[in-house]
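Here the structure is laid out as structure tokens; the discussion comes afterwards.
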Amino acid sequence: MKCNDESSYFPCLQTCKTLNRLKSVHAHLLVCGSIASSDLILNKIIRLYSRFGATDYARKVFDEITERNPFLWTSMIHGYVENSQHTEAFYLFRDMRSLDVTPLNFTISSILKVFGRLKWSRDGEGMFGFIWKCGFGFDLIVMNSVIDCFMRCGEVDCARQVFEEMEEKDVVSWNSMISGYVNNGRLEIALELFDGMDEKNVVSWTSVICGYVKKGDMVEARNIFETMPTKDMAAWNVMISGYIDVGDVHTASFLFRAMPHCDTGTWNLMISGGYAKNGKPSAALELFKNFRKQSSLELDETFILSVISACSQLGIVDSVESVISDDVVGSRYFSDSRVVNSLIDLYAKCGNIEKASQVFEAADKKDFCCYSTMIAAFANHGLVEKALSLFEDMQRKNFEPDEVTFLGVLSACNHGGLVDEGRRYFKQMTKEFGVEPTDKHYACMVDILGRGGFLEEAHEMILSMHLAPTSAVWGAMLAASNVHRNAQMAEIAASELFKIEPENSGNYILLSNIYAAAGKWRDVARVRALIREHHVKKNRGSSWIELGSAVHEFVRGDVSHVDADRICFILSLLKEDMKLSGYIKDKDLHPISTVYPSYLSLSGDTEMDEELF
DNA sequence: CTAGGGTTAG
């Protein structure tokens, strides 16, 4: 590379496809010294850093420049805006004004985006007077931005007035009005404007389609879509997401296959919105694999986030681990705390607490959410001490715990049977941190107290709740009553549960089991009669395991698996082992499969497993 | 040799 010719750096900077590449070119420029003073190069570097989401780097470059021209200010402000760092953008704009730097029209349109997104319609900073003072009263770009800003603030009439008074309007002015009306729920007016336009472009058409999609009218949306002269990717995406929203995954995937080109957004829509959230995990995973195979597209943060979250809901990790973690760990995504957070969650939910912990340790950017997730992960794996010491660590680092954090902490106490600590943390949460407990916190406390034998105290806690006790709370009470064979308390809890969720078979079965254990056979018969009377259906619990890239699902009594014979054989061996190590089948009690507290949002099924033993 | 930088609507 030649070091004395700045023009040769322009094409070089343009080819920087990754942040690391940009950093090394930037480093090279710094070494060469003389180039570093060129405004044009520096501006380009600021733009590129911002585009990669590295506004902190951009700002470093910006701060080191002694004489800043309006272009540099604009680039930096815009960098913040495109990365949703609204406060930073606004403060920088204010600095610019206080130094009497004359803004460009692009500066104004960038900062107006902040006003629009934050719905600052009140002109608190004298913005609109300032625009006229700068001579932008007739600037097309600025006035278009003003329209958009008013529309986003819901000031439909102000936007209209600006629009009417503009001497010169372009297609953007019209489109801003149309989309503004659509987003303010005034489709009729949007259509009027649309019909009155002479030069419509793809944005005008898509805005109108959006209007129908918002109403859920996919028939009319489809009509417009078929009529529009040229369709770009965004238009297809709007249609696909519209079909997904109304639950028509079939048509969505038809369009998906029919569209000539698509972006990560489209894949994302189909994988996470279309399949994963509509109960078709295997289709989602299949599509994800296709994405990796066919597409040369780069993964982006939102995409990674939704794939990870889909996988963690399914508890599937192996088949996506290789693709996900190779791309994420050590890459720029890894410096996004949301990605770190969801990775921790993924590994933890899939049972790999070591890996979750490794990700946590390796991450350089951790926010309080990462701590909360890690605490909950330790707690759910029974690593009580680790959970609690991480909580202490978090406070030492001055992260403010919130309700999610405390749920993890309380859950740790629950797993460790730490009644006193549970009481203490609950008190600390409400008194010291002013966090309002949710039903989940109450459910957890009831579980801690109840299982610890303090059934009365647990009951009192429910009665003192400032919100209506949910099924999770009474469910914990019922489960605790079962542990301590307290039929009286069980009756109280069960009768509340029957009111809240009469269709849940688990409650009836649990109560009848408690009666059975107490030898109250008439009560058992009464509950069984209730089940028939209310036509309660048994929940079918299922479990699944991932082997290689295939997911094997099992339901009770299922012998359809190809290896069913061998599985049953192994099971019988395990039963023998259990007997030999002293397990005695409890004849009086109808055995219940593991009862998880329902606030842990595990399956929650409590069903009789007579067939297993 | 010069110009180059920045941008609003779905």
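Proteins come first, then strands; the chains are lettered A, B, ... in the order of their sequence lines, and each starts at number 1. Computed from a predicted model, the values in this text were never measured in an experiment.
- One can find a donor-acceptor pair under 3.5 Å joining the base of B:dG10 and the side-chain atoms of A:Asp232.
- Between the C1' atom of B:dT7 and the CG atom of A:Asn144 lies a distance of 10 Å, rounded to the nearest Å.
- Atoms CG (A:Asp263) and P (B:dG10) sit 16 Å apart, rounded to a whole Å.
- Put simply, the side chain of A:Ser207 and the base of B:dG10 share no donor and acceptor less than 3.5 Å apart.
- A:Glu164 pairs by the salt bridge (Lys or Arg N to Asp or Glu O under 4.0 Å) definition with A:Arg160, not counting sequence neighbours.
- When heavy atoms are screened at a 4.0 angstrom cut-off, A:Asp170 is found touching no nucleic acid atom at all.
- As rounded to whole Å, 22 Å separates atom P of B:dG5 from atom CZ of A:Arg68.
- Contacts between residues 174-196 of chain A and DNA chain B, defined by a heavy-atom separation below 4.0 Å, involve A:Asn175, A:Ser176, A:Ser179, listed by number.
- Counting only heavy atoms from C-beta on, A:Val203 has its side chain closest to B:dG10 among B:dG5, B:dG10, B:dT7.
- We find that CE of A:Met143 is positioned 20 Å from P of B:dT7, with the value rounded to whole Å.
- Rounded to whole angstrom, the span from the CE atom of A:Met76 across to the P atom of B:dG5 amounts to 20 Å.
- Of the candidates B:dG5, B:dT8, B:dG10, the closest approach to any side-chain atom of A:Cys210 belongs to B:dG10.
- Following rounding to the nearest Å, A:Lys169 (NZ) and B:dA9 (C1') show an atom-to-atom distance of 16 Å.
- In this structure, A:Phe71 places its CZ atom 12 Å from C1' of B:dA3, rounding to the nearest Å.
- Annotation: side-chain hydrogen bond (donor to acceptor under 3.5 Å, both in side chains) contacts involving residues 102-111 of chain A, sequence neighbours excluded, comprise A:Thr74-A:Thr107, A:His78-A:Ser110, A:Asn105-A:Asp139.
- The side chain of A:Arg47 contributes an N or O atom lying less than 4.0 Å from OP1 or OP2 of B:dT7.
- For the atom pair A:Ile41 CD1 and A:Lys44 NZ, the distance stands at 9.5 Å (nearest 0.5 Å).
- By the salt bridge (Lys or Arg N to Asp or Glu O under 4.0 Å) test, A:Glu226 is found to be paired with A:Arg222, residues two or more places apart in sequence or in another chain being considered.
- Among the nucleotides B:dT7, B:dG10, B:dG5, the one closest to the side chain of A:Asp39 is B:dG5.
- For A:Lys113, a side-chain nitrogen or oxygen approaches OP1 or OP2 of B:dT8 to under 4.0 Å.
- Within 4.0 Å (heavy atoms only), A:Asp148 reaches sugar-phosphate atoms of the nucleic acid but no base atom.
- At distances below 3.5 Å, at least one donor-acceptor pair connects side-chain atoms of A:Lys366 with backbone N or O atoms of A:Phe360.
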Under the side chain to side chain contact (heavy atoms under 4.5 Å, CB included) criterion, do A:Trp174 and A:Asp198 qualify, and how do the steps go?
CA-CA 10 Å; A:Trp174 286 84; A:Asp198 7 275; over 6 Å; no
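- In this view, A:Ala348 and A:Ala356, A:Ala377, A:His381 satisfy the side chain to side chain contact (heavy atoms under 4.5 Å, CB included) rule, not counting sequence neighbours.
- In this structure, A:Tyr212 places its OH atom 19 Å from P of B:dG10, rounding to the nearest Å.
- OP1 or OP2 of B:dG10 lies within a sub-4.0 Å distance of a side-chain N or O belonging to A:Arg152.
- A search for salt bridge (Lys or Arg N to Asp or Glu O under 4.0 Å) contacts involving A:Asp56 returns nothing, not counting sequence neighbours.
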